[in-house]
K.L.:
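Below is one structure. I have some questions about it.
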There are 2 protein chains.
Amino acid sequence: MTRSEENYLKAIFHLGGGDSKSITTNAIAEQMETKPSSVTDMAKKLSEKGLVDYVRYQGVSLTEAGVQTALSIIRKHRLWEVFLVKKLDFTWDEVHEVAEQLEHIKSEKLIDKIDELLDFPKYDPHGDPIPTKDGKFQERDEKLLSEMPINSKGVCVGVKDSSVPFLKFLDKNNIALGNTIQILDKEDFDNSLRIRMEGNEMRISHQIASNLFVKKNS
Amino acid sequence: MTRSEENYLKAIFHLGGGDSKSITTNAIAEQMETKPSSVTDMAKKLSEKGLVDYVRYQGVSLTEAGVQTALSIIRKHRLWEVFLVKKLDFTWDEVHEVAEQLEHIKSEKLIDKIDELLDFPKYDPHGDPIPTKDGKFQERDEKLLSEMPINSKGVCVGVKDSSVPFLKFLDKNNIALGNTIQILDKEDFDNSLRIRMEGNEMRISHQIASNLFVKKNS
DNA sequence: CATTTAATTTAGACAAAACGAAAAATAAAT
DNA sequence: ATTTATTTTTCGTTTTGTCTAAATTAAATG
Ligand SMILES: [Mn+2]
Ligand SMILES: [Mn+2]
Ligand SMILES: [Mn+2]
Ligand SMILES: [Mn+2]
């Protein structure tokens, strides 16, 4: 399994190709910042290896083997991100780039020991769930902040957009995972929200609210 | 700097090419388990980049830039080895293979933080010195156990052969770095030694003794 | 010094991964 | 039902790293 093959499987998974949904060549090319012709080449190779189902002019979807491989890469990626934050004091906007490299290290013992060292975390620094060793996903009951009703309360548990600029913006505005949030008001005009977060009242644009995951209080 | 280029620089350094000594194509090929013709190709490329001096039919030696690059890879390799042993309970015969991969991760912050986490170790699990960030080597006053005079005492500080079989042999015979050693007797016939190690008397073949580094007591 | 031997380089080929241009297939519009 | 537009594939080429076989150079031998 080459690094390139692993990256393709991961990309296809993130585009929803794990649910036997067909992902188009163009979508994969865009996600991976490569060209459609390159994707076609790889689709054939991965199909040969039994990791994807590929139908010409239709797209690809992951086979069961493909899903398991993708999950194992994602598991490594997210565990390394936790390691970087918890053990080496990286900030949450610095970890992705390094994890892109570390996820390809081949050693089952290594990642199991990292998992143990971190006390088996369930979520990465951006709130994304970490698949278990046997490829199970623990989903969480969460919704976008922008979809919460007025007066409801919750805890901020994840980001949808985990780009560096967005993460830095959140830092600057003291918005962090784990913070409690209450929706005070919605502005019809621009869909912005007035919220109370950890005691402080603030206004949040729709853009921001639609990129924050919240776990609703029971 | 590609992974392959880094591996060549490291190999040349280990063969002594850091002291402007010319290393032959064949020697590099053997060290890297590749073919001489491949080495020639790479010699040209590294020469283009100013990392080695290459004279056709003579061999290569590292330039100053080449030495610094090699040392930075070796630094990463050895720090990762310490990390694996100290933080993840790897044994000293398991670490090399994984470190071969980890040494190529590109992130200055990452390796500096690992260094800090480990409290700036000076030696790796096999007793090899770890170059400093600015490429300095701290040599140690050590000699081979086979070259120690009768009745002298010392501490076992390193292995010359760090192959898996040798390391496992040492484990099995309770020979570990840090152990105190006293030479009791030398057998002229086969050059074997009688030693006292941590209280126990034992016999050691010349083969073994010539692969153990000892720091002589003042 | 001529000849043999060994080491080294060159040349040609291959595999992996990527790209652009152009052809082919599909989808959308008229 | 055609035409047009878009998507996808095919084909030829590039880069990186490797290999085998042939040619060249250096070293050793007599
Ligand atoms: Mn990430
Ligand atoms: Mn990756
Ligand atoms: Mn090693
Ligand atoms: Mn390496």
Side-chain angles (χ1 to χ4, degrees), chain A residues 1-17 20-62 66 69-70 73 100-101 103-106, chain B residues 1-17 20-62 66 69-70 73 100-101 103-106:
Chain A
M1 179 86 358
T2 71
R3 172 173 306 219
S4 188
E5 287 169 353
E6 292 181 346
N7 283 336
Y8 273 96
L9 292 178
K10 205 173 55 140
I12 296 166
F13 183 91
H14 281 137
L15 290 165
S20 60
K21 190 177 97 183
S22 222
I23 310 297
T24 69
T25 312
N26 263 5
I28 299 167
E30 189 173 349
Q31 167 93 6
M32 299 193 61
E33 298 183 69
T34 179
K35 304 292 167 183
S37 56
S38 307
V39 177
T40 301
D41 288 342
M42 185 57 82
K44 289 176 186 166
K45 197 201 300 191
L46 293 176
S47 174
E48 282 298 317
K49 295 199 177 190
L51 295 164
V52 305
D53 292 318
Y54 167 54
V55 189
R56 279 169 59 210
Y57 293 99
Q58 296 286 116
V60 298
S61 61
L62 297 173
T69 309
I73 309 297
E100 274 299 306
Q101 301 179 61
E103 71 186 4
H104 301 290
I105 300 290
K106 266 129 192 112
Chain B
M1 181 83 359
T2 71
R3 172 174 306 220
S4 189
E5 287 169 353
E6 291 181 347
N7 284 336
Y8 273 96
L9 291 178
K10 205 173 57 139
I12 296 166
F13 183 91
H14 281 136
L15 290 165
S20 59
K21 191 177 98 185
S22 222
I23 310 298
T24 69
T25 311
N26 262 6
I28 299 167
E30 190 173 348
Q31 167 93 9
M32 299 192 61
E33 298 183 69
T34 179
K35 303 293 166 180
S37 56
S38 307
V39 177
T40 301
D41 287 342
M42 185 57 82
K44 289 176 186 166
K45 196 201 301 192
L46 293 176
S47 173
E48 283 297 319
K49 294 199 177 190
L51 294 164
V52 305
D53 292 317
Y54 168 54
V55 188
R56 280 170 60 210
Y57 292 101
Q58 296 286 118
V60 297
S61 62
L62 296 173
T69 308
I73 309 297
E100 275 299 308
Q101 300 178 62
E103 71 187 2
H104 301 290
I105 300 290
K106 265 128 193 113

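Every chain is numbered from 1, with letters handed out A, B, ... down the list of sequences.
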K.L.:
With sequence neighbours excluded, what pairs up with B:Glu5 under the salt bridge (charged side-chain N to carboxylate O under 4.0 Å, His left out) test?
P.N.:
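Partners of B:Glu5 under the salt bridge (charged side-chain N to carboxylate O under 4.0 Å, His left out) test: B:Lys45, B:Lys49.
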K.L.:
Between C:dA16 atom C1' and A:Asn7 atom CG, what is the distance in whole Å?
P.N.:
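So the two atoms are 15 Å apart, to the nearest Å.
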K.L.:
Taking side chain to side chain contact (heavy atoms under 4.5 Å, CB included) as the definition, give me every residue that meets it alongside B:Asn26, ordered by chain and number, with sequence neighbours left out.
P.N.:
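Applying side chain to side chain contact (heavy atoms under 4.5 Å, CB included) to B:Asn26 gives B:Thr24, B:Pro36.
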K.L.:
Would you mind reading off the distance between A:Lys49 atom NZ and C:dA15 atom P, rounded to a whole angstrom?
P.N.:
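After rounding, the reported distance stands at 14 Å.
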K.L.:
Decide if atom NZ of B:Lys21 counts as having more than 12 heavy atoms of other residues, nucleotides or ligands within a radius under 6.0 Å.
P.N.:
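Atom NZ in B:Lys21 is not crowded, with 12 or fewer foreign heavy atoms closer than 6.0 Å.
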K.L.:
Considering residues at least two apart in sequence or located in another chain, which fulfil the side chain to side chain donor-acceptor pair (under 3.5 Å) criterion with B:Lys44?
P.N.:
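Expected list: none.
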K.L.:
Using a cut-off of 4.0 Å between protein heavy atoms and nucleotide atoms, how would you tag nucleotides 8-14 of chain C 5' to 3' with B, S and -?
P.N.:
BBB----
K.L.:
Could you check how far CD of B:Glu5 sits from P of D:dT15, rounded to whole Å?
P.N.:
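After rounding, the gap between these two atoms is 15 Å.
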K.L.:
Rounded off to whole Å, could you give me the CE-to-C1' distance for the A:Met32 and C:dA18 pair?
P.N.:
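Those two atoms, CE and C1', are 11 Å apart.
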K.L.:
Can you tell me if B:Ser38 touches the phosphate of D:dC19, counting only side-chain N or O atoms and a distance under 4.0 Å to OP1 or OP2?
P.N.:
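Result: yes.
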K.L.:
Tell me every residue that passes side chain to side chain contact (heavy atoms under 4.5 Å, CB included) with A:Ser37, counting only those two or more places apart in sequence or in another chain.
P.N.:
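With neighbours one apart ignored, the set is A:Lys35.
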K.L.:
Excluding sequence neighbours, so at least two apart, what forms side chain to side chain contact (heavy atoms under 4.5 Å, CB included) with A:Arg3?
P.N.:
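Residues passing side chain to side chain contact (heavy atoms under 4.5 Å, CB included) with A:Arg3: A:Asn7, A:His104, B:Arg3.
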K.L.:
Rounded to whole Å, please give me the gap between NZ in A:Lys35 and C1' in D:dC11.
P.N.:
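Checked: the NZ to C1' distance equals 18 Å.
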K.L.:
Find the distance B:Arg3:CZ to C:dA16:P and express it as a whole number of Å.
P.N.:
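Rounding to the nearest Å, CZ of B:Arg3 and P of C:dA16 are 18 Å apart.
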K.L.:
Would you mind reading off the distance between B:Met42 atom CE and D:dC19 atom C1', rounded to a whole angstrom?
P.N.:
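Distance check: B:Met42 CE to D:dC19 C1' gives 14 Å.
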K.L.:
Between B:Tyr8 and D:dT18, is there a contact of a side-chain N or O with OP1 or OP2 at under 4.0 Å?
P.N.:
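So the side-chain polar atoms of B:Tyr8 do come within 4.0 Å of the phosphate oxygens OP1 or OP2 of D:dT18, strictly under.
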